[in-house]
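Worksheet: the structure to be examined is printed underneath.
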Amino acid sequence: MTRLAMGKALTAGLRSAMARDDRVLIMGEDVGKLGGVFRITDGLQAEFGAQRVIDTPLAESGIMGTAVGLAYRGFRPVVEIQFDGFVYPAFDQIVCQVAKLHYRTGGRVNMPITIRIPWAGGVGAAEHHSESPEAYFVHTAGLRVVAVSNPKDAYTVLQQAIACDDPVVFFEPKRLYHTRFEGPEGDIDLDADIADAAPMGLARVVREGTDVTLVTYGAQVTTALDAATAAEDDGISIEVIDVRSLSPVDYRTVSASVRKTGRVVVTHEAGGEAGVGAELITSITEQCFHHLEAAPVRVTGHDIPYPPAKLEKHHIPDLDRILDAVDRVLDRPNSLSEVAR
Amino acid sequence: MTRLAMGKALTAGLRSAMARDDRVLIMGEDVGKLGGVFRITDGLQAEFGAQRVIDTPLAESGIMGTAVGLAYRGFRPVVEIQFDGFVYPAFDQIVCQVAKLHYRTGGRVNMPITIRIPWAGGVGAAEHHSESPEAYFVHTAGLRVVAVSNPKDAYTVLQQAIACDDPVVFFEPKRLYHTRFEGPEGDIDLDADIADAAPMGLARVVREGTDVTLVTYGAQVTTALDAATAAEDDGISIEVIDVRSLSPVDYRTVSASVRKTGRVVVTHEAGGEAGVGAELITSITEQCFHHLEAAPVRVTGHDIPYPPAKLEKHHIPDLDRILDAVDRVLDRPNSLSEVAR
Amino acid sequence: MYTLTTDTTRATDLDDVAQLLTPDGERVHDARLDRWADDIDHDALRGLYREMAITRRLDGEGVALQRQGHLGLWAPAQGQEAIQVASARACRADDFLFPSYRELGVLVVRGARPADLVLGWRGEVHGTFDPQQLHVATPQIIIGAQSLHAVGYAMGIQRDGTDQVSVAYFGDGATSQGDVNEAMVFASSFTAPVVFVCSNNQWAISEPVSVQSRFTIAGRAPGFGIPSLRVDGNDAIACTAAMRWALDRARSGEGPAFIEAVTYRMGPHTTSDDPTRYRDKDELEMWRGRDPLLRLEAHLRRVGAFDDAFASDVVAAGDALAAEMRDVVLTAQTRPAIEVLDHVYAEPHTGIDRQRERFAAYLDGFVDEPAAASTGRVAR
Amino acid sequence: MYTLTTDTTRATDLDDVAQLLTPDGERVHDARLDRWADDIDHDALRGLYREMAITRRLDGEGVALQRQGHLGLWAPAQGQEAIQVASARACRADDFLFPSYRELGVLVVRGARPADLVLGWRGEVHGTFDPQQLHVATPQIIIGAQSLHAVGYAMGIQRDGTDQVSVAYFGDGATSQGDVNEAMVFASSFTAPVVFVCSNNQWAISEPVSVQSRFTIAGRAPGFGIPSLRVDGNDAIACTAAMRWALDRARSGEGPAFIEAVTYRMGPHTTSDDPTRYRDKDELEMWRGRDPLLRLEAHLRRVGAFDDAFASDVVAAGDALAAEMRDVVLTAQTRPAIEVLDHVYAEPHTGIDRQRERFAAYLDGFVDEPAAASTGRVAR
Ligand SMILES: Cc1ncc(C[n+]2csc(CCOP(=O)(O)OP(=O)(O)O)c2C)c(N)n1
Ligand SMILES: Cc1ncc(C[n+]2csc(CCOP(=O)(O)OP(=O)(O)O)c2C)c(N)n1
Ligand SMILES: [Mg+2]
Ligand SMILES: [Mg+2]
């Protein structure tokens, strides 16, 4: 067992995947000598050579489009998008090609491309460096979408994503890159065979509880756990679920929890409107309607362009906003008690 | 009053907008001499000149990016995207520039750009020509999104969109371009001042009913009305709502209906996963939870890439699939009666 | 040299092209291309003609089938057979080609079956043939997107250490897309073994090529460090030579090359298009005089390599394939509804599985085919 | 001319640039540029120097403020002052400029206040100054996106019939983006009055310019029908002349022009970057010898236009602005939480109104600033 921060766990995952399969390539801006602006590919070009760790010209559509061609040729490209806000120039290639080629060819061509995206806010960055675009990809059939929340998952799920014959959009909460996890989520068995790991796509009950189910993913898992701890003082027992896979969602795990608690809060950093939370709540409502004792509540970023860094703490749902929502589903006094519906 | 099909109503709306304000420009591929592949801009270049109706090079990011520059200069560009599936190369400019510039500049610069998108399926077209990408734009803060379902709205709302100081994504259901509407929705008063029209953004109760609220938009409004008529034979009274504005949604109208009926079906052509239906149902549930007598149900396209034309009838929700969902919210026997939840 | 003005000698004049056959079929000489054409014998010329004629025949059948309501759409290739067929024939079987929707001749050369040519346009499937078998990607509809795929494939060839080449086909309109320009950037940066074949057929739907480029398209590539050649796209011999030049460079490790084939779309953009709205009859007439098929026939006649037996053999071959194509269309069986859910993912997916289960249950409720009429709905 | 090979004389050699000042400050001659520089008198030179020196001073202050924890980030302009200041000074006040995040000197020339230069980097606001007032767009972070905005603006100028020009600024890395290439396509197609200024500072973060282009960047534009010029970007006089040449063409209706300014980013990409990971000390040393500010100073001394009074005057001006900048930062007041919801839309919006109402109610529940600590939460 090795204790690694998430950034290093991702590097280790990439290294394992590259060592195991020489069709795995890494491509992106600054991924070579520099090791990426977050150093996730640090050392990999030195180890695997410039043919397998490719510094590309500065053009995201070009990166994604050439990755498609490499996949046609039987390679498994792992594409790094430098920051979440720079994925949009590649959107056409992702939506019209990466997501659809397997379907277009009647299953004859696979697109085993992993799109790694350093993701979301909380690091005081400039505009376009703190985006949460996951809903766009969740809404795009043909893609799988995962988001990791701790080093262990980062190490395992990244390798599973690379090994998967479908394209996977892989979100890495950048504000956790350097966070130390003291629990088992920080311990990585670098010798373990990923074939033995639980399959990609399962949600995880991070903390058990009985009163409210709190569903989330990515860096918000940490905030959700803090909220659960704080709520305990008020005698409220929160079950925290990290869905991990945003598309498809493991509704078996989520629904089992909701049937138990009857109350749901979903939190994410992206704006709420037509976001992943809307999907989660609608599906939960479909599947658990008669178990629900209150309207499920979303706690999300506002529906605004990402605000300037000094104001981001008012955008990313924090402990207090989550607890306020918990009060709401429990029909306890809360900020909206006086606000007309 | 003039009776026009939707395509002609849109042309008339563009003509009025251009005549009223000489800062309004039209730009896109083939919009000039040809009048667009759907002939929506037919005759406008002849009338207003090539400086105001601009055939652009074949590059959607280029079109959108130059529209941004024109808006900086005080013009009001109306951009035609030739088909729904070709909007993605412009996605970066739409999401990072069109949607965010007003916010970025602290309100100093407006982006009064209207993005017209011939939209969705049902016309037997080739791949990429039948997409329903509206959820991507609804999820993008800073944009307004509307979808029209009849000639009268097409005429009025298009002019309102162009007059609006915010960017508006304007969806035109292409399978209705040539449909004749016999009711008042087909009658257009070309002399009316649009300043007198109801403001953009209001939903419309298209048909009143008491048992189930059926919420939809675009071409599905027609299908929904057919479903309501068919259900009448079974003694079921369906209230049909055309939300018209997908962002923001007029929840006042929608919720009033749901409070009355207690049962909701939402239908749209786009895939369901993180789609507009999820947003509608989540918001409705938030606002009307205690009035709901059954879990709201979505009837949407499958979560698949758009299928080949010969199979599209199995993708676009039809009368039967909607009625099956109505049976579901009414707890009548339906296709899922035997399927485990 | 640091002051670069646009070379006004790069005229867009249609005759300012490399040519080895005059419109009358006379073999002329060009110092740069001759060496790539000298070994083309009569058999090779007849082979070229044969596949061009078959392409034209099948194209006509496609248009007819569409007009008769059997196809949703058809994008005619008429007038562009020389560059399509000649360039594809110049390739090795293991070179990988990335065509657009209009490259019918490329598919014909690669041995696509008639079914492969129509079932997509009929709307039965998106992709017909197996790309890995024909070494041809599913034809691309998103303008320019395939150019990057071709470059990526070429990067893969480099990594595998083979001497294959990949080929990107696109039109004049496509040269305005960011993707095509990025493809040139990547190809140049990585010295990738890729050939860009731009069929400048003078029009992008209703827009003349001058909207995309006021100068020659061939002039675009050198700025990216890619040598280019402007060739008469209706001259099958010059097209062969140009493609061999480009392939040879790429195959021998010298990197990408760019060919602008100056040609003409004699038909409408697609069967949905009405070109009389935007272009003159005279222009079409002028181009009829440069018809690539008639030109090659004239040349074959001049050199005594075209006789009635050959002619009727080619017609018979074309007719047989056209008949097969028609038959395929008329007997096509649309797949069952549930198959819309096939091949969304390569691996099991709980989301799609759930939708399949529910949709299957729904379909089971019907006596007849669903979505045909609401009367098919079973009483419950 | 129809066979176009890449002109190997378009060397990427750093010295293969148009120059009017040697690194030692000696005025040399260039037949193409002299006419655009002949009227630059000592006062003009001193003006150039002054704004370049102020830019350098403010840049240093920005770096210092960031290192001291007062700014989230800073993108140093050091080394690029000549092209930034000279090109902006060559413009008319009503020309509209579209800079990237690095064009500090452009903002200085346009009269941006110290607050305008730092409050964005501090994370207080996204955009500081009013674009319509300075005739400068909010600096762009999405690489290359602004190039299209500049072209669109220029199309607007054409429609308004004025003789303004718009200017697109971007880096060497940006030339790989589809948007920059599409910008050239549109500019050429519409003969738009736009000048492209590419500051080739040799690096895009850790990638040397050779990853983007194995040939000169200036060589790219002529293929699009846009004349271009490769100029010594550290030579303020040559930059002035080049920009005047380009502006004059654009202003007189001849359409777009492209300038590649060969320069160097002497600092890190941003304060988050560590350039020692990817580039040699020697390279930086070499470029110190080409410092644009020292070069202009040397020239001014040669011509007797630089004395202690002037020098100390410039230093004082820079120090005063730097002090104001520091003061602005140290006294900055972060806006109230509720303002995150301001200016999402220009017109009333029921969705945002509802969120405002709810968020206001939430904020009202706090005694102290929310999100500071959960202890601020009121007991309910
Ligand atoms: C990204 C994108 N935008 C628009 C279209 C619509 N469209 C289809 S073909 C075409 C014209 C293409 O012209 P060109 O590249 O010259 O090829 P040609 O059709 O002449 O062979 C257009 C605009 C498309 N398919 N893809
Ligand atoms: C679309 C996009 N992709 C990636 C980035 C990240 N990024 C910021 S600056 C930069 C390098 C830009 O290089 P260049 O254009 O040469 O400008 P310079 O920074 O050298 O001035 C990169 C990759 C970005 N801002 N936008
Ligand atoms: Mg064309
Ligand atoms: Mg640079």
Side-chain angles (χ1 to χ4, degrees), chain C residues 1-11 13 15-19 30-33 144 148 175-186 188-191 207 210-232 242 245 255 257-258 260 262, chain D residues 1-11 13 15-19 30-33 144 148 175-186 188-191 207 210-232 242 245 255 257-258 260 262:
Chain C
M1 192 170 81
Y2 51 81
T3 306
L4 301 164
T5 42
T6 294
D7 188 346
T8 47
T9 64
R10 290 182 196 168
D13 192 83
D15 287 322
D16 197 8
V17 289
Q19 202 176 63
D30 181 289
R32 279 151 294 194
L33 288 189
L148 283 165
T175 61
S176 293
Q177 283 285 8
D179 275 8
V180 170
N181 292 279
E182 293 186 9
M184 290 197 270
V185 169
F186 277 64
S188 176
S189 185
F190 296 118
T191 323
E207 298 187 354
S210 57
V211 171
Q212 320 295 337
S213 184
R214 295 173 46 249
F215 301 85
T216 64
I217 287 172
R220 190 79 61 83
F224 292 89
I226 302 176
S228 75
L229 208 137
R230 188 164 197 250
V231 70
D232 185 333
W245 161 78
F258 189 104
E260 176 191 357
V262 177
Chain D
M1 193 171 78
Y2 50 80
T3 306
L4 301 165
T5 42
T6 295
D7 189 345
T8 46
T9 63
R10 289 183 197 166
D13 191 84
D15 287 322
D16 198 7
V17 289
Q19 202 176 64
D30 180 291
R32 279 152 295 194
L33 288 189
L148 283 164
T175 61
S176 293
Q177 283 285 7
D179 275 8
V180 171
N181 291 279
E182 293 186 9
M184 290 197 270
V185 169
F186 277 66
S188 176
S189 185
F190 296 118
T191 322
E207 298 187 353
S210 57
V211 170
Q212 320 295 336
S213 184
R214 294 172 47 250
F215 301 85
T216 65
I217 287 171
R220 190 78 61 83
F224 292 89
I226 301 175
S228 75
L229 208 138
R230 188 163 197 251
V231 70
D232 185 332
W245 161 78
F258 188 103
E260 175 191 357
V262 177

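Chain letters run A, B, ... following the sequence lines, proteins first and then strands; every chain starts at 1.
D:F215 and C:S188 make their closest contact through CE1-OG, 4.2 Å (heavy atoms, listed as atom of the first residue, atom of the second, distance). For the residue pair D:R220 and C:V185, the shortest heavy atom distance occurs at NH1-CG2, 3.8 Å.
Taking D:E182 as the reference, nothing meets the salt bridge (Lys or Arg N to Asp or Glu O under 4.0 Å) condition, with sequence neighbours excluded. Residues satisfying the salt bridge (Lys or Arg N to Asp or Glu O under 4.0 Å) criterion with D:D232, sequence neighbours excluded, are D:R295.
Here the CD atom belonging to C:Q212 is positioned 8.5 Å from the CZ atom belonging to D:F186, to the nearest 0.5 angstrom.
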Going through the checks in order, is the side-chain contact (heavy atoms from CB on, under 4.5 Å) test met by C:N181 and D:M184?
CA-CA 11 Å; C:N181 292 279; D:M184 290 197 270; over 6 Å; no
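Neither the backbone nor the side chain of D:E260 comes within contact range of chain C, judged by heavy atoms closer than 4.5 Å. Contacts between C:S213 and chain D at a heavy-atom distance below 4.5 Å are absent for every atom of the residue.
Under the 3.5 Å distance criterion, the side-chain polar atoms of D:S189 are matched with a main-chain donor or acceptor of C:V211.
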